[in-house]
Participant: 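Please find one structure pasted underneath; my questions will follow.
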Amino acid sequence: MTTKYPYLRQDFLASIVVFLVAVPLCVGVAVASGVPAELGLVTGIVGGLVTGFLPGSSLQVSGPAAGLTVLVFEAVSEFGVGTLGVIVLMAGLLQLAMGFLKIGRWFRAISVSVVEGMLCGIGLVIIAGQIYAAAGLKAPSTGIGKIAGLPGAFADALGSTEALASLAIGAGTIAVIVLWKKLPKAVQSVPGALAAVVLATVASLAFGLPVATVTVEGLFGVIQVPGPGAFGELATPAIWGTIVAFALIASAESLFSAAAVDRLHDGPRTEYNKEMVAQGVGNTVCGLLGALPMTAVIVRSSANVNAGAKTKASRVLHGAWLLLFAAALPSALALVPIPALAGILVHAGWKLIPFRQISALWRSHRGEALILVVTAVSIVAVNMFEGVLIGLALSVVKTAWEASHLKTEVVDKGAGPIQVHLSGNATFLRLPKILDSLEALPQDRPVELDLSGLHHLDHACRTALENWAERHSAVGTEPVRVTAA
């Protein structure tokens, strides 16, 4: 057993931590999406037991994602919960097609600064949102709203015995997780998050604290296989826009997450096309069960890596725990205080913020540091998908600016021809600067234009230089002598 499964112990313990992180995410995303909480658990179970078995990204964990919450809510409002399964099913089939067409590998081009910014932004949103959950308060819907409303939330909590008790459980959970690493190695064999939840549960029961607990009813009663009527909705053109949006956003979030997870561990790298197929299979199954759409979730994935997972066994086992507790032991899950789970998520969010990378980038590459910060702020201000797109756009602009770097050197010895040396990359972006320098040269002097130092000369620049040379030579001076690039 040890030889065949050398990392079974590490994966087993990591799976429990991921399970504890997954429960509030599954329930919270489902409620925010306007569907029964159990549907979120169904998607989490499929993410573990179906997608978890498939190749792609070995340590990435899938389930219902906050990034699709608004889209799901709008789809349910417009088409109904019964049609949600058909939408998710078709989105899954579309993902499968994209995976087989090898579109996934294009996501490998994502900038490191954008990935770090994505982690930072998500970490900030999670911390802000879960502070409300720890206090037993309702969080605002937007990232900016969550952060801006924190002072008011703390003020409200100070005037409520229930909120203070709830905050105490959340803060105690975080304290146990942090201090657990300072205990002897033998004690640390039990995951700190598990110990924190057990202690929080015991404390809330022993002292009769008025804190909210996880509420889960029957799983199988909410599973709704799409019927003929739901498939008939596919004749409505509007539904296809929603299907394409589901497929593209779910794929982008999953593969952006994969790039981020690869930065967190030294194990096997993600095979992007296979991961796209795995996500497609998962969403196809979720659609057949009438559940929420699935993406890879960076919070669970980072918790999985930080808990010491080594293989995909940890994510499969986390799906098994979700199934066991949600289907067979919901009463045991109902003992767990919600602020304790919020504390685990606050700690996980804090671990996502790359403090060292930000300071290191600021010292050496301020442009990259700016991209990181803008990506993080955009995710907080808008959402993950659009925030990452803003970061990628900024990376492209920065790369284009650097690629168009050009040095113009004019040497005038007072007599003889004026020498102009161009070096670097002459692109249309630098054309105004080049022409300003050349047109400022005296019209009555011969010019030698040296282009041998150019690494690249695009068509627009070449044409403009040829036209300038003709104009300069037409006023009675010697023809411009050009040394070719």
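Quick caveat: nothing in here was measured; it's all calculated off a predicted structure.
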Participant: Are there more than 12 heavy atoms of other residues, nucleotides or ligands under 6.0 Å from atom CH2 of Trp180?
Facilitator: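 It does: Trp180 CH2 has more than 12 such atoms within range.
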Participant: Under the side chain to side chain contact (heavy atoms under 4.5 Å, CB included) criterion, do Leu335 and Thr213 qualify, and how do the steps go?
Facilitator: CA-CA 6 Å; Leu335 297 175; Thr213 57; over 6 Å; no
Participant: Could you check whether any side-chain N or O of Asn283 sits under 3.5 Å from a backbone N or O of Val88, counting only pairs where one atom can act as donor and the other as acceptor?
Facilitator: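 No, Asn283 side chain to Val88 backbone: no donor-acceptor pair under 3.5 Å.
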Participant: When you measure from the side chain of Ser314 to the backbone of Lys310, do you find a donor-acceptor pair of N or O atoms at a distance under 3.5 Å?
Facilitator: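 The answer is no, because no donor-acceptor pair under 3.5 Å joins these two groups.
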Participant: Nearest 0.5 Å, what's the CG-CZ distance between Leu322 and Phe19?
Facilitator: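 Output value for this atom pair is 6.0 Å.
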Participant: Going from CD1 on Ile344 to CG on Leu20, what distance comes out if it is rounded to the nearest 0.5 angstrom?
Facilitator: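 Result: 4.5 Å between the selected atoms.
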Participant: Step by step, work out the side chain to side chain contact (heavy atoms under 4.5 Å, CB included) result for Leu372 and Ile358.
Facilitator: CA-CA 8 Å; Leu372 189 158; Ile358 293 172; 3.6 Å; yes
Participant: Between Val61 and Val297, does the side chain to side chain contact (heavy atoms under 4.5 Å, CB included) criterion hold? Intermediate values first, please.
Facilitator: CA-CA 6 Å; Val61 186; Val297 185; over 6 Å; no
Participant: Ignoring hydrogens, what is the shortest heavy-atom contact between Ala157 and Ala163? Give both atom names and the distance.
Facilitator: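 Heavy atoms of Ala157 and Ala163 come nearest at CA-CB, 3.7 Å.
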Participant: Quick one: does any side-chain atom of Ser254 pair with a main-chain N or O of Ala296 as donor and acceptor, under 3.5 Å?
Facilitator: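 Yes.
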Participant: Any donor-acceptor pair under 3.5 Å linking the side chain of Arg300 with the backbone of Val21?
Facilitator: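 Not confirmed, Arg300 side chain does not pair with Val21 backbone.
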Participant: Is a side-chain donor or acceptor of Glu275 paired with a backbone partner of Ser57 at a separation under 3.5 angstrom?
Facilitator: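 Yes, the answer is positive, given that a donor and an acceptor are paired below the 3.5 Å cut-off.
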Participant: If you look at every heavy atom in Trp240 and Leu234, which pair is closest and at what distance?
Facilitator: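 The answer is NE1-O, 2.8 Å.
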Participant: Which heavy-atom pair separates Pro151 from Ile147 by the least distance, and what is that distance?
Facilitator: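 Result for this residue pair: CD-O, 4.0 Å.
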Participant: Is there a donor-acceptor pair closer than 3.5 Å between any side-chain N or O of Thr236 and the backbone N or O of Ala238?
Facilitator: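 No; zero donor-acceptor contacts below 3.5 Å.
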Participant: Are there more than 12 heavy atoms of other residues, nucleotides or ligands under 6.0 Å from atom NE2 of His365?
Facilitator: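 Incorrect, the count does not exceed 12.
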Participant: Check whether any side-chain N or O of Asn304 sits under 3.5 Å from a backbone N or O of Ala309 as a donor-acceptor pair, and report yes or no.
Facilitator: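 No.
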Participant: Mind listing the closest non-hydrogen atom pair of Thr43 and Ala291 along with its distance?
Facilitator: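 Smallest interatomic distance, heavy atoms only, reads OG1-CB, 3.4 Å.
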Participant: Keeping the roles fixed (side chain from Ser204, backbone from Thr201), state whether a donor-acceptor pair exists under 3.5 Å.
Facilitator: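 Yes; judged by distance alone, with no hydrogens or angles, the pair exists.
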Participant: For residues Cys286 and Leu292, report the shortest heavy-atom separation together with the two atoms involved.
Facilitator: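 What the structure gives for the nearest pair is CB-O, 3.6 Å.
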Participant: Measuring from Ile131:CD1 to Leu345:CG, what's the distance to the nearest 0.5 Å?
Facilitator: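 Between atom CD1 of Ile131 and atom CG of Leu345 there are 12.0 Å.
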Participant: Which label fits Trp321 and Phe12: parallel for a plane angle under 30°, tilted from 30 to 60°, or perpendicular past 60°?
Facilitator: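 Rings of Trp321 and Phe12: perpendicular, over 60°.
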Participant: Which pair of non-hydrogen atoms, one from Ile127 and one from Gly349, has the smallest distance, and what is that distance?
Facilitator: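 For Ile127 and Gly349, the tightest heavy-atom pair comes out as CD1-C, 3.8 Å.
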Participant: Decide if atom NZ of Lys398 counts as having more than 12 heavy atoms of other residues, nucleotides or ligands within a radius under 6.0 Å.
Facilitator: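 Result for NZ/Lys398: enclosed.
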Participant: Once rounded to the nearest 0.5 Å, what's the spacing between atom CG of Leu96 and atom CG of Leu101?
Facilitator: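 Taking CG in Leu96 and CG in Leu101, the distance rounds to 10.5 Å.
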Participant: Testing the 3.5 Å rule here: is there a donor-acceptor pair between the side chains of Ser251 and Gln279?
Facilitator: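 Result is no, nothing qualifies.
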Participant: Any donor-acceptor pair under 3.5 Å linking the side chain of Ser166 with the backbone of Ala134?
Facilitator: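 Side chain of Ser166 to backbone of Ala134, a donor-acceptor pair under 3.5 Å: yes, one is there.
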Participant: Is a donor on one side and an acceptor on the other found under 3.5 Å between the side chain of Gln60 and the backbone of Ala258?
Facilitator: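 Yes, because the side chain of Gln60 sits within donor-acceptor range (under 3.5 Å) of the backbone of Ala258.
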